[in-house]
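Take a look at the structure below.
Worth saying up front: this structure is predicted, and the values here are computed from it rather than measured. Whatever order the structure lists ligands and atoms in, that order sets their numbers, starting from 1. Numbers here are sequence positions counted from 1.
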Amino acid sequence: MILTELARAKVNLALHVVGRRADGYHLLDTLVAFPPIGDRVGVAPANAYALAVTGPGAAALGDTAPADNLVTRAAVGLAALAGRADVPVAITLEKHLPVAAGLGGGSADAAATLRLLCRLWSMDPADAAVRDLAGRLGADVPMCLASRPLRAAGVGEVVTPIASLPALGILLVNPGVAVPTPAVFRALDRRDNPPLPETIPSDADALLAMLAEARNDLEAPAIRVAPVVADVLAALRDCAGARLARMSGSGATCFALFDHEGAARAAATAVAAAHPSWWARSAALGGDGGSPPA
Ligand code: C5P
């Protein structure tokens, strides 16, 4: 029996850096969407732990030892929690998302592994012990475990689901330059910015107006680390029907929002034609993209 799940990209529609913890991690206030664009993770009971990575993004993972991959660490951690340390699983990871890209790809893969093994072992992924394990694996893993529209605070681990996102279209574009997250946080000028507004509107125009006033505080430092981010943002702002263009996470992936998925799809075709080496994917933000994964 093989169970599989889509490990959806994490897109920070807005990301405000509002403080810093004593250990150096940054306190965030972020609105996050999980459009149905991602990696495919599979698990099956096996005689020994194994990890097989395939797909167009596999090479970018380089020579990371299987035991060090976040999906293996997630599986081993959950097995220990479940008292199943002697029940190995074989994991397949079909890698499509760019790595070190601000989309939480590795975190999404680890979170999908946790959800799959919870299904296999009849555990509840919303259980506090599972969420704690997710937080130990990485700051973005708890939000990827939820994989639904949400607001996150703390270093990302304080997750509050929001009801839904409107049926806008979204286009993700990555220029193929890996951006290390710690370098971007180090290049920040201010770490005490104001938070997002208290209420997140569910209506499309009101949400877009709110987002236009909001920011990604990591955008300016990311452009200093990887100037190509500014080119991606300019290309997105030039797309017909783009209502908002912004960077996700610590970059270099940027996104644009459109009134409809069709406009996002047309823009993806135009960006791919103008920049054949860039990665461009479109999807619906709300609708399918706004509900938890099956
Ligand atoms: O938790 P994760 O491994 O994704 O974080 C990568 C790095 O990004 C951390 O080592 C830290 O330097 C930085 N970071 C941060 N504040 C956060 C999340 C990450 O400073 N909230």
Side-chain angles (χ1 to χ4, degrees), residues 7-32 34 38-39 41 57 60-62 64-65 67-78 93 95 97-114 130-147 150-160 174 177-196 214-226 229 246-253:
R8 294 173 187 239
K10 165 224 72 161
V11 181
N12 301 92
L13 299 179
L15 190 164
H16 292 199
V17 177
V18 297
R20 197 178 199 186
R21 262 185 357 193
D23 65 1
Y25 268 76
H26 293 78
L27 298 171
L28 311 176
D29 186 4
T30 179
L31 178 64
V32 187
F34 290 89
D39 300 330
V41 182
L61 288 184
T64 308
D68 294 338
N69 191 298
L70 210 51
V71 295
T72 309
R73 291 171 47 209
V76 170
L78 195 70
L93 169 57
K95 195 76 200 161
L97 296 173
V99 305
L103 296 175
S107 304
D109 298 340
T113 305
L114 294 178
V130 180
R131 284 189 283 121
D132 282 354
L133 168 62
R136 288 195 301 277
L137 291 167
D140 285 343
V141 183
M143 64 179 91
C144 290
L145 189 60
S147 197
L150 56 84
R151 184 170 183 165
V155 298
E157 83 288 11
V158 183
V159 169
T160 308
N174 181 278
V177 173
V179 178
T181 302
V184 175
F185 275 108
R186 270 199 306 274
L188 253 181
D189 284 332
R190 291 188 63 118
R191 300 178 161 84
D192 57 349
N193 303 294
L196 287 165
R215 313 171 303 275
N216 180 346
D217 287 326
L218 299 179
E219 209 170 88
I223 289 170
R224 288 198 287 275
V225 171
V229 170
R246 177 163 289 153
M247 192 181 79
S248 177
S250 54
T253 308

Subject >> Residues in contact with ligand 1, criterion: heavy atom under 4.0 Å >> reply: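 Its neighbours under 4.0 Å (heavy atoms only) are Gly24, Tyr25, His26, Leu28, Gly138, Ala139, Val155, Thr181, Pro182, Phe185, given by chain and number.
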**OP:** May I have the step-by-step check of salt bridge (charged side-chain N to carboxylate O under 4.0 Å, His left out) for Lys95 and Asp109, ending in yes or no?
**Re:** CA-CA 9 Å; Lys95 195 76 200 161; Asp109 298 340; 2.8 Å; yes
**OP:** Mind checking salt bridge (Lys or Arg N to Asp or Glu O under 4.0 Å) for Asp23 and listing every partner two or more places apart, or none if nothing turns up?
**Re:**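 Only Arg21 meet the salt bridge (Lys or Arg N to Asp or Glu O under 4.0 Å) criterion with Asp23.
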**OP:** Would you give the length of the straight line joining atom CZ of Arg73 to atom CG of Leu133, rounded to the nearest 0.5 angstrom?
**Re:**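 The CZ atom of Arg73 sits 10.0 Å away from the CG atom of Leu133.
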Original post:
Atom CG in Leu28, atom CE in Met143: separation rounded to 0.5 Å?
Top reply: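 Spacing of CG (Leu28) from CE (Met143) equals 7.0 Å.
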**OP:** Check whether the side chains of Thr30 and Asn12 place a donor and an acceptor atom closer than 3.5 Å, and report yes or no.
**Re:**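 Short answer, yes.
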Subject >> Pair Asp140 + Lys10, salt bridge at N-O below 4.0 Å >> reply: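 Between Lys10 and Asp140 there is a salt bridge, with a charged N closer than 4.0 Å to a carboxylate O.
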